[in-house]
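After the structure tokens below, expect a handful of questions from me.
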Amino acid sequence: MKVILSTLNAKYIHTSLAIRCLKAYSEKDFDIELAEYTIKDPVMNIVSDLFQRGADVIGFSCYIWNIEETIKVIDVLKKIMPEVKIVLGGPEVSYDTEHWMKRLANVDFIVVGEGEETFHQLLQELEGDRKFHFVYGLAYRKGEEVIIMPGRPKADLNELPSPYRFAEDIPELGKRVVYFETSRGCPFSCQFCLSSIEVGVRYYDIERTKSDILYLIDNGAKLIKFVDRTFNIKRDYALEMFKFLIENHRGCVFQFEITADIMRPEVLDYLAENAPPGVFRFEIGVQSTNDPTNELVKRRQNFTKLSRTVTKVKQSGKIDQHLDLIAGLPLEDYNTFRKTFNDVFALGPEELQLGFLKMLRGTGLRLDADKYNYTYMDVAPYEMLSNDVLSFADIVRLKRLEDVLEKYWNSHRMDHTVNYLIEREFSSAFDFFQEFGDYWEGQGWQKIGHQLEDLFTRLQSFLESRGTQRMDMVLGLMKLDYFLNHKYKPRKIWWEHTLEKDDWSSYMKMVLQHPDALLSPAVADVGKESVGETDVASQQSQPYREMIPAFASLKLGEKELQKHAVLDVLPFSLDHILSGGSPLTAEGRTLLLVVYQQNGQQKPLYYTMPIGKNIAAI
């Protein structure tokens, strides 16, 4: 009996831990093959591949992001392979299981909850006496009747074989995200989250966990994402793991979901002193800072302690932080969400993810949906459309904000400019992103694509349309950000007025004659790339606070500068503005020099020279 375990991942670089757990548990007794696709793959391509592989049983791991596409694949598969047994598992079908069995006539079985033992016993029955009523945690058909067996006791995690040591995975380890669990379960009871349903937390043996991680690193893994719901729930366990990873990372990056308000000071101190820059990344679910909302959804959160943790981690300069918000929670109207957004943005996270409430099957909030007058999508991802305090019109506006937040903050293409605008020109971060998002949609830009320079010209258009003050200063900061977005000297610029050729030559001569007069910022502002999941390579170790070498030490001649440098003059004191000074006292001008291809990371370096009144000193 040949078995295929499959899933449709959200992106190619993702991997499925679930199907590897199932294979590891059952491969000693059954011929099991893994087959991963993405939700973007055409249905016929997936079906054709599965058909050519041939199987007696095909299992699919199901989530909100892939269930509808998976159903399309199953319906076609059953037409061409009517004898194949289709098994579903995963969080999306583990709740309202009877609904799924009745809706999906082409599905033969559903494995409910933790699947290793249940799936293995199902395969034994399929190959044997087919007495499915002996299989706990299974839904099956008996004629027209749907039978749902009682749940199975939780497994002893240390009796489960490792899902990380398949030889066929080794060639792709460095190109894809490795998902890794050190525990199962969650200690919290947040009513919007499926993790709240499982009571208690179970851990794998820590020495086994270390051994598996070393195996992955030895075989080329570049990004390991821990899927533990709260990695730091046990202080001693988390601290020991952090120490182990610091000692053995060898360039691999590790991503964790942590609960910031319970992070112990001694753990923070250890990380601040010992964590290599860029090797760790924290995801922190804030969701809301509105106390009545958090109390209602049973989310215990001390925002003061959370802020202290986030601030200390940020000050260390070692660890990127990704903070999450959820719009649409009960009692959180547009105005209180504005406060939530501004509260969290003020912490300065490298990424701020704005998500919208999903009414997940099995959660307490979905069961209480009528109490708060929720309307939501009937099919996955069950996103909320409105409730009694947040209208659909409010949701539409927040979607616009989310769009420009991704483009202009999480991408880190314009950090200097955006920080200045929020601090000096807009009432708050929320107001900047919301007003810009409304303008963006009003121009119809959401319907068309964009290149890098389009982001700059569109921001300029928005700012000019509202009569923004000191546009000369804003445009100067935009030039700096634009230059820092390139690995090589840019071939084109988006602004109209440039230095005359004679002026350019004159300034370049000054640079060559007085290299010591060029100032380098104390900390490199080199346009960190967003650490999303689009490219594993971009998520590897990056020193976030890198000292820039003195310009004179580069020993660049005229020919090298012609090839690798850009020059411009800004009509204000750039250093004064970047250090937080008032625009009203930023007199003078600044010669800006950006050089490329002068370090191993191929990041641009920029230098400044005050000109005008101060030029006599040179």
Side-chain angles (χ1 to χ4, degrees), residues 3-23 32-82 84-113 115 119 139 172 175-177 179 194 225 227 353 355-363 366 376-385 399 402 406 532-534:
V3 180
I4 293 178
L5 289 169
S6 183
T7 195
L8 279 61
N9 295 315
K11 297 178 181 178
Y12 168 75
I13 65 164
H14 296 179
T15 53
S16 172
L17 177 57
I19 61 176
R20 285 168 172 78
C21 288
L22 298 179
K23 176 175 179 176
I32 297 179
E33 188 175 315
L34 301 182
E36 292 180 273
Y37 310 96
T38 76
I39 55 176
K40 298 293 185 183
D41 291 336
V43 170
M44 281 304 297
N45 289 12
I46 298 173
V47 171
S48 298
D49 186 64
L50 289 171
F51 174 76
Q52 291 176 50
R53 290 170 182 253
D56 301 292
V57 178
I58 302 179
F60 291 93
S61 185
C62 301
Y63 303 82
I64 58 171
W65 65 79
N66 71 8
I67 182 64
E68 295 302 322
E69 292 303 311
T70 300
I71 292 169
K72 295 175 186 175
V73 171
I74 291 167
D75 288 345
V76 179
L77 270 177
K78 272 291 192 175
K79 288 180 182 293
I80 60 171
M81 303 171 70
V84 73
K85 296 301 181 185
I86 300 293
V87 186
L88 302 188
E92 178 55 15
V93 294
S94 288
Y95 305 95
D96 292 350
T97 305
E98 186 172 2
H99 158 83
W100 289 114
M101 290 294 284
K102 289 180 176 178
R103 177 185 167 188
L104 306 178
N106 287 323
V107 170
D108 300 289
F109 305 96
I110 292 180
V111 171
V112 179
F119 185 69
E172 298 293 315
K175 304 172 187 175
R176 306 180 78 177
V177 181
Y179 291 92
L194 282 176
K225 183 172 181 179
V227 297
Q353 181 73 42
F356 293 83
L357 178 65
K358 312 293 191 295
M359 305 294 284
L360 301 177
R361 295 179 182 275
T363 59
R366 178 161 174 147
Y376 55 92
M377 298 175 180
D378 293 329
V379 297
Y382 315 113
E383 192 168 292
M384 69 88 67
L385 303 172
K399 290 277 188 181
E402 178 203 19
E406 287 296 317
E533 291 188 339
T534 56

- Query: Hey, what do you get for NZ (K358) to CD (E383), rounding to the nearest 0.5 Å?
  - Reply: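 Result: 4.5 Å between the selected atoms.
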- Message: With a 3.5 Å distance limit and no angle check, can you tell me whether E36 reaches the backbone of S16 through a side-chain donor-acceptor pair?
- Response: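 Between the backbone of S16 and the side chain of E36 there is a qualifying donor-acceptor contact (under 3.5 Å).
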- Query: Would you call E68 and T70 a side-chain contact if the rule is heavy atoms closer than 4.5 Å?
  - Reply: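 No; the side chains remain at least 4.5 Å from each other.
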- Side chain S94, main chain G113, donor-acceptor under 3.5 Å: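 Yes, because the side chain of S94 sits within donor-acceptor range (under 3.5 Å) of the backbone of G113.
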- Ring-face cation of K85 near F109 (centre distance under 6.0 Å, axis angle within 45°):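 No, K85 and F109 do not form such a contact.
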- Query: Quick one: does F60's side chain get under 4.5 Å of I67's, heavy atoms only?
  - Reply: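 No, every pair of side-chain atoms sits at 4.5 Å or beyond.
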- Message: Apply side chain to side chain contact (heavy atoms under 4.5 Å, CB included) to residues I86 and V84 and explain how you reach the verdict.
- Response: CA-CA 6 Å; I86 300 293; V84 73; 4.0 Å; yes
- Hey, does E92 have a side-chain heavy atom less than 4.5 Å from the side chain of N66?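 The answer is no, as the side chains (C-beta and beyond) never meet within the 4.5 Å cut-off.
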- Expected output: side-chain S61 to main-chain G90 donor-acceptor under 3.5 Å: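 Side chain of S61 to backbone of G90, a donor-acceptor pair under 3.5 Å: no, none is there.
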- About how many Å separate NZ of K11 and CH2 of W65, when rounded to the nearest 0.5 Å?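 Separation between the atoms: 12.0 Å.
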- Message: Could you measure the distance from the CD1 atom of I13 to the OG1 atom of T38? Nearest 0.5 Å is fine.
- Response: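 If we round to the nearest 0.5 Å, I13:CD1 and T38:OG1 are 11.5 Å apart.
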- Item | Minimum-distance pair of heavy atoms, taken over all atoms of K79 and D75 |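 Scanning both residues completely, I find the closest heavy atoms to be CG-O, 3.4 Å.
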- Should the pair D108-K78 be classified as a salt bridge under the 4.0 Å nitrogen-to-oxygen rule?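 Yes, this pair counts.
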- Hey, could you give me the CG/CD1 distance between D41 and I46, rounded to the nearest 0.5 Å?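 Between atom CG of D41 and atom CD1 of I46 there are 5.0 Å.
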- Might you point out which heavy atoms bring K225 and V177 nearest each other, and give the distance in Å?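 In terms of heavy atoms, the two residues are closest at CB-CG1, 3.9 Å.
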- Looking only at non-hydrogen atoms, find the nearest pair between Y376 and Y382 and report the distance.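 Scanning both residues completely, I find the closest heavy atoms to be CB-O, 3.9 Å.
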- Task: Given side chain to side chain contact (heavy atoms under 4.5 Å, CB included), test T363 with L194 step by step and report yes or no.
- Result: CA-CA 6 Å; T363 59; L194 282 176; 4.0 Å; yes
- Verify side chain to side chain contact (heavy atoms under 4.5 Å, CB included) between I110 and M101, making sure each step is shown before the conclusion. CA-CA 8 Å; I110 292 180; M101 290 294 284; 3.7 Å; yes
- Below 4.5 Å, heavy atoms only, C-beta onward: do E406 and Q353 meet side chain to side chain?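 Yes; the side chains approach each other to less than 4.5 Å.
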- Item | Pair D49-R53, salt bridge (Lys or Arg N to Asp or Glu O under 4.0 Å): steps then yes or no | CA-CA 6 Å; D49 186 64; R53 290 170 182 253; 2.8 Å; yes
- Item | Passing option when I71 is tested against L104, L88, V379 for side-chain contact (heavy atoms from CB on, under 4.5 Å) |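 The option that passes is L104.
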- Task: Taking all non-hydrogen atoms of both residues into account, name the closest pair between L77 and I58 and its distance.
- Result: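 Closest pair (atom of L77, atom of I58, distance): CD1-CD1, 4.0 Å.
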- Step by step, would you call K72 with I74 a side chain to side chain contact (heavy atoms under 4.5 Å, CB included)? CA-CA 6 Å; K72 295 175 186 175; I74 291 167; over 6 Å; no
- Message: When you measure from the side chain of R361 to the backbone of D96, do you find a donor-acceptor pair of N or O atoms at a distance under 3.5 Å?
- Response: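 No, R361 side chain to D96 backbone: no donor-acceptor pair under 3.5 Å.
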- Locate the shortest heavy-atom distance separating I19 from S6; write the atom from each residue and the value.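 Heavy atoms only, the tightest pair is CG2-O, 3.7 Å.
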- Message: With a 4.5 Å cut-off on side-chain heavy atoms, are I64 and L360 touching?
- Response: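 Side-chain contact under 4.5 Å: yes.
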- Query: Y37 pairs by side-chain contact (heavy atoms from CB on, under 4.5 Å) with which of V73, V43, L50?
  - Reply: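 Exactly one option meets the side-chain contact (heavy atoms from CB on, under 4.5 Å) with Y37, and it is L50.
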- Side-chain heavy atoms of Y179 within contact of R20, under 4.5 Å: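 Side-chain contact under 4.5 Å: no.
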- Item | Distance in Å, L17 CG paired with T15 OG1, rounded so as to fall on 0.5 Å steps |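 Result: 7.5 Å between the selected atoms.
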- Mind checking whether N9 and Y63 have side chains closer than 4.5 Å, heavy atoms only?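 Answer no - side chains too far apart.
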- Could you check if a side-chain atom of R176 sits within less than 4.5 angstrom of a side-chain atom of H14, using non-hydrogen atoms only?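 With C-beta onward as the side chain, the pair stays apart.
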